[in-house]
Amino acid sequence: MKEVILSRLMQNTGEFIPGEMLGAGLNVSRTAVWKCVRKLKNEGYVIMSSSRKGYRLVSTPDLLNVCEISNYLNTDYIGRQIKHFDIIDSTNSAARKSAEEGCPEGTVVTAESQTSGRGRLGRQWSSPGKLGIWMSVVLKPLITPEEVRVITLAASVAVVAGIKNTTGIKTGIKWPNDIILDNRKVCGILTEMNSEIERVNFLILGIGLNVNQEQGDFPPELHNKAISLKMHAQRRGMAEAGFKRSMIAAGILSELEINYKKVKAGDTDDIIAGWKLHSVTLGKKVGLIAKNIEYRGVATDITRGGKLVISCNDGITREIVSGEVSVKGIMEDPEADMNDN
Ligand code: BT5
């Protein structure tokens with residue numbers, strides 16, 4: 001009911017709507033409508049009430065709920081169903097639960113903050129309240145687990161395009177899933193799957209994007225590694241007040257659907273080309289660890305299947321499927337990543 005009332009208010013922003021019209025067809029009393037409006041006001045919506053004229057929406061808060069995101073969304077199915085939480089352990093865990101319960105493909109889980117946001121290999125993801133985009137998308141592609149890699153690449157390309165389209169900020173991609181801004185990490189992507197040997201049952205694509213944090217909002221250990229879009233913009237004397245997260249989230253979801261449709265149609269050349277275009281890894285000196293052995297070399301290419309090609313100093317060219325690759329000069333401390341694993 002709250003969502004219907006909010007969307008009616010939003011469709012008529014700036015105009016008064018009588019209480020009966022707001023609740024029309026919902027089979028609810030005027031008091032129930034009033035209580036609902038009070039709940040919305042508590043969430044940060046500024047709504048004027050007049051006993052004669054009804055209710056008028058004056059301004060909306062920056063929340064990652066379905067009404068706010070739908071306002072900017074341009075998709076057929078990704079993000080058409082959104083489960084929004086004020087606080088949750090991890091949107092990836094909630095999305096997995098929804099997928100297990102049979103939610104439709106494209107369902108998105110968003111949260112204003114996460115208490116146990118996670119990265120790969122059990123690492124923590126800092127997710128403070130209302131400052132970033134913490135969201136997970138449920139996908140059900142008819143592919144093998146092998147092919148999932150390309151979807152992570154497609155998601156990286158979508159994040160870069162979504163950020164560019166909505167804020168004008170250009171970011172880069174560090175293989176395979178870090179989005180980099182001013183040599184620091186602005187976004188991480190965590191792909192988790194439920195699969196059998198030959199077939200993926202569902203994928204959870206978790207996206208964590210730092211939007212409006214200030215330096216002090218990050219834990220000290222991330223001060224040299226992490227950045228938000230707002231910190232970048234402030235350095236350039238723009239966007240003092242921060243960015244609208246719902247608009248950026250919708251921009252990313254819209255780009256994600258475009259890329260996901262390409263992957264489903266077997267058209268991955270475009271994705272790989274987009275990835276190469278924005279890569280901060282290709283052409284750089286890299287370090288990598290494979291089977292506990294450390295190699296150094298230069299990243300030269302990415303294969304159609306999403307493997308990173310490294311021309312190693314020992315004269316051998318290796319294709320890397322996963323694992324950590326540190327890029328010299330990106331995120332200050334290339335050795336740290338290598339020792340993490
Ligand atoms: C990632 O892991 O980069 C994937 C992060 C995915 C987070 C999203 S949020 C929505 C969804 N729900 C979840 O529970 N997770 C996903 P990885 O490559 O392993 O990087 C983790 C490392 O990044 C940490 O060990 C820190 O060094 C660093 N880190 C943690 N929080 C950060 C932040 N907010 N910004 C930048 N770096 C961060």
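FYI, side chains are in, hydrogens and waters are out, and symmetry mates aren't considered; it's all heavy atoms of this structure. Counting convention: from 1, in listed order, for ligands and their atoms alike.
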Quick note on ligand 1: atoms under 4.0 Å from a heavy atom of G117 include exactly 14 (O)
- Query: Should the pair K230-E214 be classified as a salt bridge under the 4.0 Å nitrogen-to-oxygen rule?
  - Reply: yes
Under 4.0 Å between a Lys/Arg side-chain N and an Asp/Glu carboxylate O for E192 and R118? yes
### Message
Applying side chain to side chain donor-acceptor pair (under 3.5 Å) to K83 and T91, what does each step give before you reach the verdict?
### Response
CA-CA 9 Å; K83 292 189 180 179; T91 55; over 6 Å; no
The option among Q114, K225, K185 carrying the non-hydrogen atom nearest to atom 20 (O) of ligand 1 is K185
### Query
Do W134 and ligand 1 have an N or O pair less than 3.5 Å apart?
no
Note: ligand 1 atoms sitting under 4.0 Å from heavy atoms of M135 are 10 (C)
In V138, V137, L139, the residue satisfying side chain to side chain contact (heavy atoms under 4.5 Å, CB included) with E105 is L139
Counting from 1 in the order shown, the ligand 1 atoms closer than 4.0 Å to a non-hydrogen atom of G119 are 1 (C), 2 (O), 4 (C), 5 (C), 19 (O)
Note: ligand 1 atoms sitting under 4.0 Å from heavy atoms of N210 are 33 (C), 34 (N), 35 (N), 36 (C)
Heavy-atom nearest pair, K140 first then C103, reads NZ-O, 2.6 Å
For this session: Answer with yes or no whether the side chains of N92 and S136 bring together a donor and an acceptor at under 3.5 Å.
Result: yes
Backbone or side-chain N or O of Q213 under 3.5 Å from ligand 1 N or O:
no
Taking only non-hydrogen atoms of R118 and a 4.0 Å limit, the atoms of ligand 1 in range are 5 (C), 6 (C), 7 (C), 13 (C), 14 (O), 15 (N), 16 (C)
Notebook entry, point to check: Between K261 and E257, does at least one N-O distance fall below 4.0 Å, as a salt bridge requires?
Noted result: yes
task: Report yes or no: does a heavy atom of L121 sit under 4.0 Å from some atom of ligand 1?
output: no
Margin query: Taking distance alone, with N or O pairs closer than 3.5 Å, would you say T91 contacts ligand 1?
Written below: yes
Atom CD of residue position E198 - does it have more than 12 heavy atoms of other residues, nucleotides or ligands inside 6.0 Å?
no
The answer for which part of S136 has a heavy atom under 4.0 Å from ligand 1 is side chain
So for ligand 1, is S90 a polar contact partner (N or O within less than 3.5 Å, distance only)?
yes
